[in-house]
Colleague: 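Please read through the structure below; I'll follow up with questions.
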Protein chains: 2
Amino acid sequence: MAKNARNTLSPDLPRALPAPGVSQAPNAIMPMCAACEIREFTFCSALHDEELGHLQAIVRQVRMAPQQMLFQEGDDAGNVYNILGGILKLYKLLPDGRRQITGFVHQGDFLGIAASGIYSYSAEAVTEVALCRFPRRQLYLLFDRFPKLEGRLLGIATDELTAAQDQMLLLGRKTAAEKLASFLLALGHRMNGDGGEDKPIPVPMTRGDVADYLGLTVETVSRTLSRLKKSGLIEISEAHRITITQFDALQDIAEGF
Amino acid sequence: MAKNARNTLSPDLPRALPAPGVSQAPNAIMPMCAACEIREFTFCSALHDEELGHLQAIVRQVRMAPQQMLFQEGDDAGNVYNILGGILKLYKLLPDGRRQITGFVHQGDFLGIAASGIYSYSAEAVTEVALCRFPRRQLYLLFDRFPKLEGRLLGIATDELTAAQDQMLLLGRKTAAEKLASFLLALGHRMNGDGGEDKPIPVPMTRGDVADYLGLTVETVSRTLSRLKKSGLIEISEAHRITITQFDALQDIAEGF
DNA sequence: CGTGGCTTTGAATTACATCAAACCTTGTGG
DNA sequence: CCACAAGGTTTGATGTAATTCAAAGCCACG
């Protein structure tokens, strides 16, 4: 009955509207930064309303269908992005196809920062996605004039680094159950905000995606979720809709107690 | 005969000398930034010679013995550091003692950046260590005046993020042999520079440290190294001195071919 | 209504962990 | 200078969590 969430247009999708009456290429719309609902969550909030024109001048909005690639590992890193809505997965591959998803990015997240001029991972849409695209060189030119932009990006990078270290602990030292408990809690927090006990969590990614994020196989993910369900910690009404029914117990598992 | 590298004073240790004739607390020396040999590898190089006084005014040099803690996860993040010499390990713990080492930091590396005002990991000296300590608040005050500092830190954070993603791929998807091959190649590059075939790599950390870095056990690390040795890819003259004898073959393993 | 992809479950296998013990190195004190 | 204690390392035997192989069920879509 319920549709697969991956093919559902996310309700949180378009926030910055195109300027009315301006003809636009269908896939690259100029958004209205001043009206952007998520501005305060992004680096854009480093600029005041009256400075915003400098960002608006270089940004374009793009939309993606599920499974569409935004860029691939090895591509020239020409752009950086803010996610307006939807979810993308970032991943790296080994030559034989083994895949590690290094993160899922959500509304308000920043994406595409690259040490060299080359993306070090691939980015693919999980759901429908809308994002703001900034040409990297043009954005970096603004750093001289608005150093606060750089400061915001440093803050974002620092947060990501902390998250990456948590994920290393998870990948290197947690059991399958601990990994899934951690994942569900983090996803619940991201999708529903804090204190999301008993509110169903949309899980738009496939079991395979979850497996590749947690360093497991599809089967282990499925089995471990079934076991958590049988233990009464979670409910799985549909495969892509999971409810945490014992928040504290799940948290204890996630943290290794 | 040869001493354990862990207890050897690293030959690369002290670079920035204390001002002569100035009395100093034994454990907090004011270094001479202008004479610093590794300045160009650190964020300090964002400032010109004539601006360097602003850094010099807030920096203190500290030294550590092996196994000494620099800070612990959860401590108030009062300082950030540049490594002058020696090696530290950064790690996170689970309540039952399981440990994940998230990185080893070496000469020229930056350390202590924290999203909140709290360190999210612990830092402990592996060898003797010398570092420059900067009070975080005072350093951040300089950002307004010298935004280029922030730019350098962003670059550093970006590089670390890329490394963290590589490590996630390693932890989540590589086999024990692939993990150790990757580790040895990276360590060799760090200790000996590029093209270090046939030059012994000092491995100052214990097998336990390596295990906790790669998400393995001590025994698996030891066994896997023995196997690589028997296959003729590496030589282990002493436990803490390993030579890569077949660089290309090891690289193929490391990358999953 | 049939096809393809995703999910779940079961059975067999395996890479790595755990348990155990010997060995080696380094530092200590007699 | 030697004996020995304490860690660290290596190797062997055994156990197990997670993978692999296999197949059935489910759902969404053409």
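In this text, all values refer to a predicted model and were calculated from it rather than measured experimentally. Protein chains get the first letters and strands the later ones, always in sequence-line order, with residue 1 at the start of each. Below, all heavy atoms of this structure are taken into account, side chains as well, without hydrogens, waters or symmetry copies.
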Colleague: From CG of A/Asp96 over to C1' of D/dT19, roughly how many Å is that when rounded to an integer?
Modeller: 15 Å

Colleague: Expressed in angstrom and rounded to an integer, what is the separation of B/Arg98 atom CZ from D/dA17 atom P?
Modeller: 13 Å

Colleague: Tell me whether B/Ser122 contacts the main-chain N or O of B/Glu73 through its side chain, where contact means a donor paired with an acceptor under 3.5 Å.
Modeller: yes

Colleague: In whole angstrom, what separates B/Leu228's CG from D/dT9's P?
Modeller: 17 Å

Colleague: How does protein reach along nucleotides 11-19 of chain C, written 5' to 3' as B (base within reach of a heavy atom under 4.0 Å), S (only sugar-phosphate), or - (no contact)?
Modeller: B----SSBB

Colleague: Whole-Å distance between D/dC26 P and A/Arg207 CZ?
Modeller: 15 Å

Colleague: Would you say B/His240 reaches D/dG8's phosphate, i.e. side-chain N/O to OP1/OP2 under 4.0 Å?
Modeller: no

Colleague: Please check if the distance between the ring centroids of B/Tyr81 and B/Phe110 is under 6.0 Å.
Modeller: no

Colleague: Using the ring of each side chain (for Trp, its six-membered ring), is B/Tyr119 parallel, tilted or perpendicular to B/Phe71, with breaks at 30° and 60°?
Modeller: parallel

Colleague: Could you state the atom-to-atom distance from CD of A/Gln67 to P of C/dG4 in whole Å?
Modeller: 17 Å

Colleague: To the nearest Å, give me how far apart CD1 (B/Ile236) and C1' (D/dT11) are.
Modeller: 13 Å

Colleague: Counting only N and O atoms by type, is there a donor-acceptor contact under 3.5 Å from the side chain of B/Ser182 to the main-chain atoms of B/Glu178?
Modeller: yes

Colleague: Tell me whether the guanidinium CZ or amine NZ of A/Arg99 lies under 6.0 angstrom from the six-membered ring centre of A/Tyr91 and within 45° of its axis.
Modeller: yes

Colleague: Choose from C/dC6, D/dT11, D/dT9 the nucleotide whose nearest atom is closest to any side-chain atom of B/Thr206.
Modeller: D/dT9

Colleague: Nearest-Å distance, CG (A/Asp212) to C1' (D/dA18)?
Modeller: 15 Å

Colleague: For B/Ala239, check side chain to side chain contact (heavy atoms under 4.5 Å, CB included) against everything at least two apart and list the hits.
Modeller: B/Arg207

Colleague: Side chain of A/Ser222: nearest nucleotide among C/dT8, D/dG8, D/dT10?
Modeller: C/dT8

Colleague: Has B/Thr245 got a side-chain atom pairing as donor or acceptor with B/Leu233's backbone, closer than 3.5 angstrom?
Modeller: yes

Colleague: Which nucleotide in the list D/dT10, D/dG8, C/dT8 gets nearest to the side chain of B/Val218?
Modeller: D/dT10

